[in-house]
Engineer: 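The structure follows.
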Amino acid sequence: MSVWDDLHPLLVLPSWVPGAAAGIVSMYLMQRVIFPYFWADLRYLLKVLMYGLRVEMYRLQGRIFTILDKFVKLAEKQPHKPFLIYEGKVHTYRDVDRRSNRVAQVFLHHGALKKGDTVALLMGNEPDFIHVWFGLAKLGCVVAFLNFNVRSRSLLHCVSSCEPKILIVGADLLGTLEEILPDLQKDISVWIMTKDSIFSSVHTLLDKIEAASEDPVPVNRRSANNLKSSVLYIFTSGTTGATCVLKKKFSASQFWSDCKKYNVTIIQYIGELCRYLCSQPMKEGEKNHKVRLAVGNGVRNDVWRDFKNRFGSVKICEFYGATEGNICFMNHTEKIGSVGRTNFFYKLFFPFDLIKYDFQKDEPIRNKHGWCEKVKKGEAGLLISKVNAKNPFFGYAGNKRHTEKKLLCEVFKKGDLYFNTGDLMVQDHENFLYFWDRIGDTFRWKGENVATTEVSDVIVMLDFVQEANVYGVSVPDHEGKAGMASLILKQNTLLDLEQIYKQVVTYLPNYACPLFLRVQDKMEMTGTFKQQKFRLVDEGFNPSTITDPLYFLDNSKKAYVLLTKEVHEMILSGKIKL
């Protein structure tokens, strides 16, 4: 008898095995065809649920684990690991922990701060921003991050809305401080990150930090008692964990060499950043880096493809969210152009809808019964998110009216409540979500939100301007929308372009200065007596189709100039940089 004869009985499979195998293969193929993203969705949902369960466990145990708690724990575990790398200098976890202790000691003895007091922080990208933030958090203070691009009246509004006891200003922002100092509330104590002060009644901080003790302050000083405790007020955006490579300003030409030099593995972007990188001349070694993941939002489809092809196997993780919002999405499948996916299970935990919107009336459409209506797949609709105990909306500090404005009541049934994101989105037939546009009084340019009312308020301060209608217009090959202002002049006055230029560059951040001006005889209004924007947005800034006088902010000439057909063509072709 041969060896094969001995083994033959072992090789005979039960009759049901081939059928089961065929069934499993068929189910797998059906899943790939009908539910191609099932496993990716499941993994993502499980991660979200795990984070949610961890927060719930902390809540049930009466524990709140903040960014500061996480940092202090890591500082004890890995004191010598780099935490910040700034202009070539390494700041370890221990360095940051000890310097933040010094900050805490200064205000413990000199600042007269109580647990829960608010401190406003006006500083740029520098290590002491982190030191001051952590030091104040160790005292149980609520820190308000102010946008250092904002100036004058807008900055004063931000300061007053968070009602700080102290305002801390970076050494490179003393000019901004000088503008607002005469109008600043007298009960706000001002500190500057210098050793000497040219301002009366303004305190210096740098000299006191260097003389302070590195001893930690008691842990019970920290402010977070529950999940509803205020910890931060954010008037700007962007936070980081892990080792962070920090620069004063973004440099497209040095970006990849910096990534290679510091072994960066994850980068954070806004859409314009990716476009700037793709616009740089091609160089050798652009794929020679360790970056594996890019996280951010606002990148256009063409830039997305160019970025992937040019800079190597970097996974782009586009997301959608807002600091004050109660809904977020993340593109965990790398679908180009999408901000994320939804499915039945996701909507169980994070209920949202896309509803029909009336662009002329600038409000959601309601049917004859008074209810809002959902859009079909493939149609743009206003994103709204249900407000409940698990997905609360806390509102805006110091602005009850604006908080109420962001809520929609009785949307689909009596008593329901939804957060109005102010964003139009589209859901396709595969349940991918795409950002479409902003509505209302804001638009995005250079990765920043521009408030139209803020810009118009600055312009109407001019004595020859009767009214200003500010909106955003699309510019080919640019992310977001460029600012444009339609002006109505007062009777018997002339347009002073020099004064307008001086006004906007003095009182507005660069990204908020209108790139285009349009002078009209009368202001068009909606049926609800609001400024008509949508027709103006559609008409854009084309002098071939618009008979009204048009002007362009030419940064090279530092002036508004007549927008001719030739200038228009140069803008579209990219010969004039915006």
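These numbers were taken from a predicted model, which means no experiment stands behind them.
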Engineer: Kindly write out the residues that satisfy ring pair (Phe, Tyr, Trp, His ring centres under 6.0 Å) with F435, not counting sequence neighbours, or none if the list is empty.
Structural biologist: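 Testing F435 for ring pair (Phe, Tyr, Trp, His ring centres under 6.0 Å), a comparison that skips the adjacent residues, returns none.
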
Engineer: Checking Y507 now: which residues fulfil side chain to side chain contact (heavy atoms under 4.5 Å, CB included) with it, not counting sequence neighbours?
Structural biologist: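 So Y507 forms a side chain to side chain contact (heavy atoms under 4.5 Å, CB included) with S152, V458, Q503.
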
Engineer: Can you list every pair that meets salt bridge (Lys or Arg N to Asp or Glu O under 4.0 Å) and has a residue in residues 265-277, with sequence neighbours left out?
Structural biologist: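 Those involving residues 265-277 are E272-R275.
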
Engineer: When you measure from the side chain of E318 to the backbone N and O of G337, does any donor-acceptor pair fall under 3.5 Å?
Structural biologist: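 Checked: no pair found.
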
Engineer: Residues in salt bridge (charged side-chain N to carboxylate O under 4.0 Å, His left out) with E178, at least two apart?
Structural biologist: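 So E178 forms no salt bridge (charged side-chain N to carboxylate O under 4.0 Å, His left out) with any residue.
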
Engineer: Per the side-chain hydrogen bond (donor to acceptor under 3.5 Å, both in side chains) rule, which among D423, N297, N331 passes with Y320?
Structural biologist: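 By the side-chain hydrogen bond (donor to acceptor under 3.5 Å, both in side chains) criterion, Y320 pairs with just one of D423, N297, N331: D423.
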
Engineer: In plain terms, say whether K248 and E126 are close enough for a salt bridge, that is, a side-chain N and a carboxylate O under 4.0 Å apart.
Structural biologist: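 Yes.
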
Engineer: Check side chain to side chain contact (heavy atoms under 4.5 Å, CB included) between D117 and all other residues, then give those that pass, not counting sequence neighbours.
Structural biologist: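 Once residues adjacent in sequence are excluded, the partners of D117 under the side chain to side chain contact (heavy atoms under 4.5 Å, CB included) criterion are L113, K114, K165.
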
Engineer: Check side chain to side chain contact (heavy atoms under 4.5 Å, CB included) between L74 and all other residues, then give those that pass, not counting sequence neighbours.
Structural biologist: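 So L74 forms a side chain to side chain contact (heavy atoms under 4.5 Å, CB included) with K70, Q78, Y93.
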
Engineer: Taking only residues at least two apart or on different chains, which pairs with a member in residues 439-482 satisfy ring-ring contact (aromatic ring centres under 6.0 Å, His included)?
Structural biologist: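 Sorted pair list: W445-H478.
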
Engineer: Considering the options N469, V465, V470, which one meets the side-chain contact (heavy atoms from CB on, under 4.5 Å) requirement together with S456?
Structural biologist: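 With S456 as partner, side-chain contact (heavy atoms from CB on, under 4.5 Å) holds for just one option, V470.
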
Engineer: Regarding Y86 and N125, is there a side-chain donor-to-acceptor distance under 3.5 Å anywhere?
Structural biologist: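 There is no such pair (donor and acceptor under 3.5 Å, judged by atom type) between the side chains of Y86 and N125.
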
Engineer: Please determine if K138 and D97 form a salt bridge, counting it only when a charged side-chain N lies under 4.0 Å from a carboxylate O.
Structural biologist: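 Salt bridge flag = yes for D97 with K138.
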
Engineer: Ignoring hydrogens and angles, write down the donor-acceptor pairs under 3.5 Å from the side chains of residues 180-192, residues two or more places apart or on other chains.
Structural biologist:
residue : atom : partner : partner atom : Å
S189    : OG   : W191    : NE1          : 3.1

Engineer: Taking the basic N atoms (NZ, or NE/NH1/NH2) and the acidic carboxylate oxygens, is any pair closer than 4.0 Å for K195 and E210?
Structural biologist: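 Here K195 pairs with E210 in a salt bridge, since their nearest N and O are under 4.0 Å apart.
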
Engineer: Report the residues that fulfil side chain to side chain contact (heavy atoms under 4.5 Å, CB included) with K558, sequence neighbours left out, ordered by chain and then residue number.
Structural biologist: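 Partners of K558 under the side chain to side chain contact (heavy atoms under 4.5 Å, CB included) test: Y501.
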
Engineer: Applying salt bridge (charged side-chain N to carboxylate O under 4.0 Å, His left out), can you list everything that pairs with E454, at least two apart in sequence or on another chain?
Structural biologist: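 By the salt bridge (charged side-chain N to carboxylate O under 4.0 Å, His left out) rule, E454 matches no residue at all.
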
Engineer: Could I get the full list of salt bridge (charged side-chain N to carboxylate O under 4.0 Å, His left out) partners for D258, not counting sequence neighbours?
Structural biologist: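 In terms of salt bridge (charged side-chain N to carboxylate O under 4.0 Å, His left out), with neighbours along the sequence ignored, D258 is linked to K247.
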
Engineer: Evaluate the ring planes of H289 and W256, with Trp represented by its six-membered ring, and classify them as parallel (under 30°), tilted (30 to 60°) or perpendicular (over 60°).
Structural biologist: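 Correct class here is parallel.
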
Engineer: Test ring pair (Phe, Tyr, Trp, His ring centres under 6.0 Å) on H402 and Y396 and set out the steps.
Structural biologist: CA-CA 7 Å; H402 194 47; Y396 301 93; 4.7 Å; yes

Engineer: With sequence neighbours left out, write down each residue that passes salt bridge (charged side-chain N to carboxylate O under 4.0 Å, His left out) with D207, or none if nothing qualifies.
Structural biologist: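 D207 satisfies salt bridge (charged side-chain N to carboxylate O under 4.0 Å, His left out) with no other residue.
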
Engineer: Quick test of your reading of the model: are D441 and K405 salt-bridged, counting only N-O distances below 4.0 Å?
Structural biologist: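 Yes, D441 and K405 are salt-bridged.
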
